[in-house]
Amino acid sequence: MIVDSHQAPAHDNTGKPPVTVLDPTRAPDGHVAGIQAKRRKPYGQMATGTLIVAIAALFIWSQAANENLDWSSVGEFMFHPVIFKGIAVTLELSVFSMLISVVLAFGVALMCQSQNRLAAVVGRLYVWFFRGVPLLVQILIWFNLAVLYPKILGTDTNQLISGFTAGLCALSLAESGYMAEIIRGGILSVSKGQTDAGLSIGLTRGQALRRIVLPQTIRVIIPPTGNQFIGLLKASSLVSAIGGSDLLTQTQLIYGQNFKIVPLLIVATAWYLVLVSVASIGQYFLEQKFSPDGAAARRSFRELIRRNVLLRNHSDLPRKAVQP
Amino acid sequence: MTLAPAQAPLMVIDDVHKWLGKNHILRGVNMTVAPGEIVCVLGPSGSGKSTLLRCINGLEAVESGTVEVGGDLVGYKIHKGQLFEHTERESAKMRRRIGMVFQHFNLFTHMTASENVSYGPRRVLGLSKAEANEQGLEALRKVGLKDKAGSYPAQLSGGQQQRVAIARSLAMKPQVMLFDEPTSALDPELVGDVLQVMKRVAEEGMTMVVVTHEIGFAREVADRVIFMDEGRVIESGPAAQVLDNPSHERTANFLRHVR
């Protein structure tokens with residue numbers, strides 16, 4: 001069997017045709033010029049594969065045959081309305097706090113980069129505090145704000161700050177500390193010449209930063225922001241400590257009554273993985289869209305699957321020449 | 001040594017000093033430029049040529065001395081005999097009168113060529129979109145790149161990028177244009193096109209201060225050549241005189257190495 005090779009010789013500039021092209025899809029002109037030869041046996045890969053299958057089988061067996069696991073309960077609660085309500089809250093918490101944090105972070109990043117030294121110091125302090133205090137501690141502080149300020153603007157604080165709003169505040173602020181650093185990194189990644197050029201046509205420093213530099217940071221900011229969002233999805237489970245009615249809170253609510261702890265934690269695990277997977281796919285496409293390589297932006301979903309899931313063996317797919 | 005300009009000078013640089021950290025980069029630079037005059041500034045690297053240009057359009061503040069363009073001080077204003085530092089807005093207003101072309105082009109990478117050249121007229125001069133586009137395209141035509149209006153900088157060669165950068169500066173209709181080693185970052189075969197464009201700009205009567213190592217360009221286009229070393233102007237005069245018959249040993253030495 002001939003599998004494609006990544007050792008196909010690069011097309012050289014000497015004008016001579018490449019001597020061997022094992023992967024027809026990599027032939028420069030699409031011409032199939034593969035040589036017929038028996039491939040080396042990948043013994044190492046075979047051994048690893050066997051080991052993995054054995055371990056996986058052992059693990060699955062230990063679960064499947066485990067009476068404590070109670071798969072029927074997992075099935076029963078997988079699509080339970082209470083769980084769905086939790087998923088909705090988790091999504092709301094993550095999406096809203098991400099949006100709020102990005103807005104805050106742009107402000108803080110601009111402060112940090114400002115010529116105004118006081119603003120820069122305040123920006124640094126903001127990042128230092130909200131990035132430094134553990135998220136769970138921040139959540140608890142917000143939830144217990146009523147102890148500090150019993151009334152805010154004439155309203156009872158406990159009425160104003162529910163588990164959800166406390167979680168939203170804590171997540172947004174903590175996240176904005178990280179996002180501010182990401183955005184500041186993005187600003188620093190744009191060459192100083194861009195600012196000089198902006199100034200030279202008569203922009204003020206602020207205008208050059210906002211209109212010339214910031215738009216160019218987006219491409220740099222997107223990938224780490226996707227990462228942060230995935231982190232946020234998971235971190236939102238911490239609001240269960242104050243009954244934030246998110247996915248984990250709802251899960252605990254159910255197993256607090258029926259004591260089927262492990263099955264319900266499996267339900268939560270499955271849903272968190274689903275949410276994170278969806279976010280990862282979204283991140284992939286955002287990255288492609290903002291990548292400087294225009295061709296990659298047009299890469300289809302099918303191509304994504306082909307490259308990342310089917311990996312190297314695409315002998316069953318139509319062969320066509322790709323530009324080297 | 002400096003030639004007396006026939007008309008009132010457009011630019012007067014008077015005893016300018018500049019420190020960058022502990023380095024005394026400019027050590028008392030004096031220079032005047034008449035309207036329409038083409039001045040080429042030569043000198044070894046580190047002699048302060050680029051810093052001088054950055055001080056002229058206010059990208060860097062000077063520590064001592066004054067820079068005057070079109071009768072106004074750069075970076076300061078005089079009110080009732082007292083010097084006041086410009087506000088950010090006033091500095092920006094001054095800079096729009098002084099065009100600058102950079103060694104590394106510094107085109108706005110997220111904009112097309114036509115957006116690059118019309119951005120200033122639109123956002124800084126406040127022209128309507130149509131007028132700004134018109135002015136931008138006119139500038140692109142001058143540098144011979146009207147057909148590249150829709151291209152992004154990454155799709156252009158170095159020479160084309162530099163010509164777009166010249167167009168971006170031209171589109172602002174500045175009083176004076178500063179060129180900071182405009183061909184130093186280019187492949188040799190692309191240098192000619194850029195110099196050609198600069199020559200055309202010069203022929204249209206633009207006042208230009210050009211920091212360059214292109215002796216040929218200086219000889220052909222410059223009204224005056226200035227030689228700088230260690231933060232001072234050590235020689236200034238007509239191109240032929242400075243280039244062929246330098247009065248200073250350091251100038252002669254430098255020219256021997258450049259050729």
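Computed from a prediction, not measured in an experiment: that's the story for all the values here. Chain A is the first sequence line, chain B the second, and so forth, proteins listed ahead of strands; every chain is numbered from 1.
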Exercise. Crowded around B:F84 CZ? As in, over 12 foreign heavy atoms under 6.0 Å?
Worked result: yes

Problem set entry | Residues, nucleotides or ligands: over 12 heavy atoms within 6.0 Å of B:R89 CZ | no

Exercise. Just checking heavy atoms, which of residues 104-129 of chain A are less than 4.5 Å from chain B?
Worked result: none

Problem set entry | For chain B, which residues of residues 171-203 of chain A have heavy atoms nearer than 4.5 angstrom | A:K192, A:G193, A:Q194, A:D196, A:A197, A:G198, A:L199, A:S200, A:I201, A:G202, A:L203

For this session: With a 4.5 angstrom heavy-atom cut-off, could you sort out which part of B:M100 is near chain A: side chain, backbone, both or neither?
Result: both

Exercise. Which bit of B:L59 comes within less than 4.5 Å of chain A, counting heavy atoms only: side chain, backbone, both or neither?
Worked result: both

Exercise. Looking at B:R96, B:E88, B:M94, B:R54, which one has more heavy-atom pairs under 4.5 Å with chain A than the rest?
Worked result: B:E88

Exercise. For chain A, which residues from residues 107-131 of chain B have at least one heavy atom closer than 4.5 Å to it?
Worked result: B:L107, B:F108, B:T109, B:H110, B:M111, B:Y119, B:G120, B:R123, B:V124

Exercise. Taking only residues at least two apart or on different chains, which pairs with a member in residues 67-79 of chain B satisfy side chain to side chain donor-acceptor pair (under 3.5 Å)?
Worked result: B:D72-B:R97, B:K77-B:E90

